[in-house]
Amino acid sequence: VKLALATHTPDVSPPPPVALLSGSFEQRLEKAARLGYDGVELMIARPVRLDSAVIGAQVRAAGLQVAAVSSGPVFMADGLTLLASEQKTSHVASTRLEELIAFAHELQAPLVTIGSFRGRLAWVGGKWARKHLVEILQSCAESARQLGVRLTLEPLNRYETDFIRTAAEGLDFCAEVGDEALGLLLDTFHMNIEEADPCTAIWQGMAARKLWHIHLGDSNRRAPGQGHIDFTAIINTLAELGYDGYLSAELLPLPDADAAARLTIEHMRRLGA
Ligand code: LER
Ligand code: MN
């Protein structure tokens, strides 16, 4: 199984609340490689402030792959969301998504994540909010497809979103968008709150051939093994169904950002990942 961890690029400061490892960007890459990670999920806010050739070279020099480009900081650091109360904000956010897609392409990253960056229906209001996001994602999925990049929609728990909380709801939304470049990202922390059974959610995503990325976090959003999620069951289900994407740690830096990264890989490897 390919393991990655989420860490921020130099355009993001302070670090997002679920980013791992301490030190400079290059030090964090080196630490990830030394711990045995295969890849990094890059949490990016402003791709235009970064040089993809430099970032790509730094990641390769550490012997790592870019597992994903995360849009999380576009919301967390810049307050931009695809659905927003101001139309201008929504427009700037869509443009930012196009930039992230182009950046992912330049880095040869397989996908861009869309979690809290999608915003909330209530911020737009009315029946057309959902339709608005469908249209934005149709347009961005087309750009992504042309560049050989994929987009992954992430169901989130009820305290962080007002729509798309389960894999089933995520798959319905993907069907509504109807582009082969749009699929799902399932986060074990969110699944633990919203799904009747995380393994069933994984099965649904795999059956639809839409499960392309997974975020790891335990029930308390600490490293796997520090809460009560059954990661053995999750790993066994993924193996049985032939999942070949990344398991990417996106969790709280507790007891500290380096220890959380170490505890994650130790636990996952011990379980056979
Ligand atoms: C937020 O809780 C999360 O899980 C991120 O992946 C989405 O921005
Ligand atoms: Mn997540």
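In what follows, residues are counted from 1 in the order of the sequence shown. For ligands, and for the atoms within them, numbers begin at 1 and follow the listed sequence.
At a threshold of 4.5 Å between non-hydrogen side-chain atoms, the residues Tyr37 and Thr264 count as touching.
Partners of Glu169 under the side-chain hydrogen bond (donor to acceptor under 3.5 Å, both in side chains) rule, at least two apart in sequence or in another chain, do not exist in this structure.
Among residue pairs with one or both ends in residues 196-228, those qualifying as ring pair (Phe, Tyr, Trp, His ring centres under 6.0 Å) are His213-His215; sequence neighbours excluded. Applying the ring pair (Phe, Tyr, Trp, His ring centres under 6.0 Å) test to every pair with at least one member in residues 109-156, sequence neighbours left out, gives these pairs: Trp128-His132.
Under the 4.5 Å side-chain heavy-atom criterion for Ile, Leu, Val, Met, Phe, Trp and Tyr, Val12 and Leu5 are members of distinct hydrophobic clusters.
The part of Glu160 lying near ligand 1 is the side chain, judged by heavy-atom distances below 4.0 Å. Of all the heavy atoms of Arg221, the ones lying under 4.0 Å from any atom of ligand 1 belong exclusively to the side chain.
Rounded to the nearest 0.5 Å, atoms CE (Met191) and CD (Glu154) are 10.0 Å apart.
Around the Mn ion (ligand 2), the protein N, O or S atoms found under 2.8 Å comprise Glu154 OE2, Asp187 OD2, His215 ND1, Glu250 OE1.
Numbered from 1 in the order shown, with element, the atoms of ligand 1 that lie under 4.0 Å from a heavy atom of Gly115 read 7 (C), 8 (O). Proximity to Asp187 (heavy-atom distance under 4.0 Å) selects the following atoms of ligand 1: 4 (O).
Put simply, part of His190 is less than 4.0 Å from ligand 1, judged by heavy atoms.
Cation-pi contact between Arg118 and Phe163: present, with separation from the ring centre below 6.0 Å and deviation from the ring axis of at most 45°.
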